[in-house]
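A short write-up of the structure that comes next.
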Number of protein chains: 2
Amino acid sequence: MFIHREFHSSQAGAAGHPRFFEGIRLSATARHREKELIYAQGDEAGDIYIVEFGCVRVSRITLEGRRLVTGFYFAGEVFGFETGTERQCYAEALEYSGTRTFHLEGRDLANPRIAEMLFDHLESIHQHLLILGTQNAIERVAAFLVGIADRRGVDGPRARLPMSRCDIADHLGLTLETVSRAMHRLQALKLIRLVGAREIVLLDRDALIDLGA
Amino acid sequence: MFIHREFHSSQAGAAGHPRFFEGIRLSATARHREKELIYAQGDEAGDIYIVEFGCVRVSRITLEGRRLVTGFYFAGEVFGFETGTERQCYAEALEYSGTRTFHLEGRDLANPRIAEMLFDHLESIHQHLLILGTQNAIERVAAFLVGIADRRGVDGPRARLPMSRCDIADHLGLTLETVSRAMHRLQALKLIRLVGAREIVLLDRDALIDLGA
DNA sequence: CGTTTTCTTGAGGACGTTCAACCTATGTGG
DNA sequence: CCACATAGGTTGAACGTCCTCAAGAAAACG
């Protein structure tokens, strides 16, 4: 997704306030502290969010109280698409983050950039579905780490993980213990290197993709 | 989803040929034999399908050769939404079926009925994700059976299953043996009754929902 | 009626979960 | 500055669920 670049190239307004993005009026940047709730389950849907900096986690709780983390969103990425009038998911800042919003009207879907965002979102859900439906633990973790590393700009093969093991587990349909073990197994296989708990280096990206693709 | 009723209420053309659906020109009904391929992975995307009768299975194969059945579609339901220009999924008739198509242009998304279809699709994927991400075997099967029964019109609690155990398994991320065992466990629990292998009666819908919701 | 496909059922094993202990990092207050 | 508390992460052992492999039963088909 290349919304990233285009977003940042939007013309600068005074002191970073309401600008336009592809003909859509964006709100001013909202800043969120670590762990701050951005929107809650039950809130009115309709606003779409663009991450300016930081990282956002979007989750959903089932009736049995189990959590599914539907996605993590980094700078330049878009979240907040929901189907009904009420949000089924809730969003939280994983670290100090900035977001901008715009209101999505039905007619806006005719805007090709908006449609592209929606289709990108659809595609990422589909990818997630494929992982949950067909892969085992180590494949899931490999796919996840490659996905994260690919999205963190041009840091090279190094990536910071702003989310906890539990977040990853709830994203991949595993337990946090299994995620921890899988990461250490990937390290033993020399496919990644762990730098503390919250940073990784991809040592053999191709092998990781073979595992997780 | 109520597209069903509206679709059938569209004005009758001569001998059932090109009619309109919410201002969209529909193709004539295409008829597909059992097991017939409707579209293939790699085909050009852009056409959206409406099932007129029968049942369609949409699947996707991973690089490792594993199959995920992304959905089953019955009369009145819509399938064929894809993100890129090339299809990632392929669709097959599970039984003798009829479909109509229309071509989706970007501007059509401004049509609220089209947008509604897309959002319904998004919602069903999300539901699927929730199942694969949080539920165990018996819960998945319970949720699946309720979902099927709810969509098969007003047959009451009885539903025919046009798909095989293997199809169900590949839809739920299980094996066909596990699906078979789960269904017989649900029968032992008196939540369903199996009428042969391809028909079920829901005996305790609420308990099934409790399990699978 | 035999052939083929699909479904069921059993036994054994692998993978992931559960439970528990321990470790590490970070932050707080004395 | 250190003692302690807290949250997150790692590791081990035991268990359970689901998968694999295999055989047999039941439908579907020609």
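Every residue was checked against the salt bridge (charged side-chain N to carboxylate O under 4.0 Å, His left out) condition with A/E86, not counting sequence neighbours, and none meets it.
Listed for the A/D167 side chain is a donor-acceptor partner under 3.5 Å among the backbone atoms of A/S164.
Ion pairing of B/D120 with B/R113 is absent here, as no side-chain N (NZ or NE/NH1/NH2) approaches a carboxylate O to less than 4.0 Å.
Rounded to a whole Å, the CG atom of A/L172 is 10 Å from the P atom of C/dT17. The CG atom of B/L94 sits 14 Å away from the C1' atom of C/dT6 (whole-angstrom rounding). Straight-line distance from the CD atom of A/E199 to the C1' atom of D/dG9: 16 Å, rounded to whole Å. Atom pair A/L161:CG and D/dG9:P shows a separation of 9 Å (rounding to whole Å applied). We find that CG of A/L194 is positioned 15 Å from P of C/dT24, with the value rounded to whole Å.
Note: A/R87 CZ to A/R60 CZ = 12.5 Å, rounded to the nearest 0.5 Å. Distance check: B/L191 CG to B/L145 CG gives 10.5 Å after rounding to the nearest 0.5 Å.
In this structure, a donor-acceptor pair under 3.5 Å is present between the side chains of A/T99 and A/H32. A donor-acceptor contact closer than 3.5 angstrom is absent between the side chains of B/S27 and B/R100.
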Would you check, one step at a time, whether the test ring-ring contact (aromatic ring centres under 6.0 Å, His included) holds for B/Y49 with B/Y73?
-> CA-CA 10 Å; B/Y49 291 73; B/Y73 299 90; over 10 Å; no
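Less than 4.0 Å separates DNA chain D from at least one heavy atom of each of the following residues of residues 134-148 of chain B: B/N136, B/A137. The stretch residues 173-185 of chain A touches DNA chain C through A/G173, A/L174, A/T175, A/E177, A/T178, A/R181, each having a heavy atom within less than 4.0 Å of the strand.
Within the structure, every side-chain polar atom (N or O) of B/R165 is placed at least 4.0 Å from both OP1 and OP2 of C/dT5.
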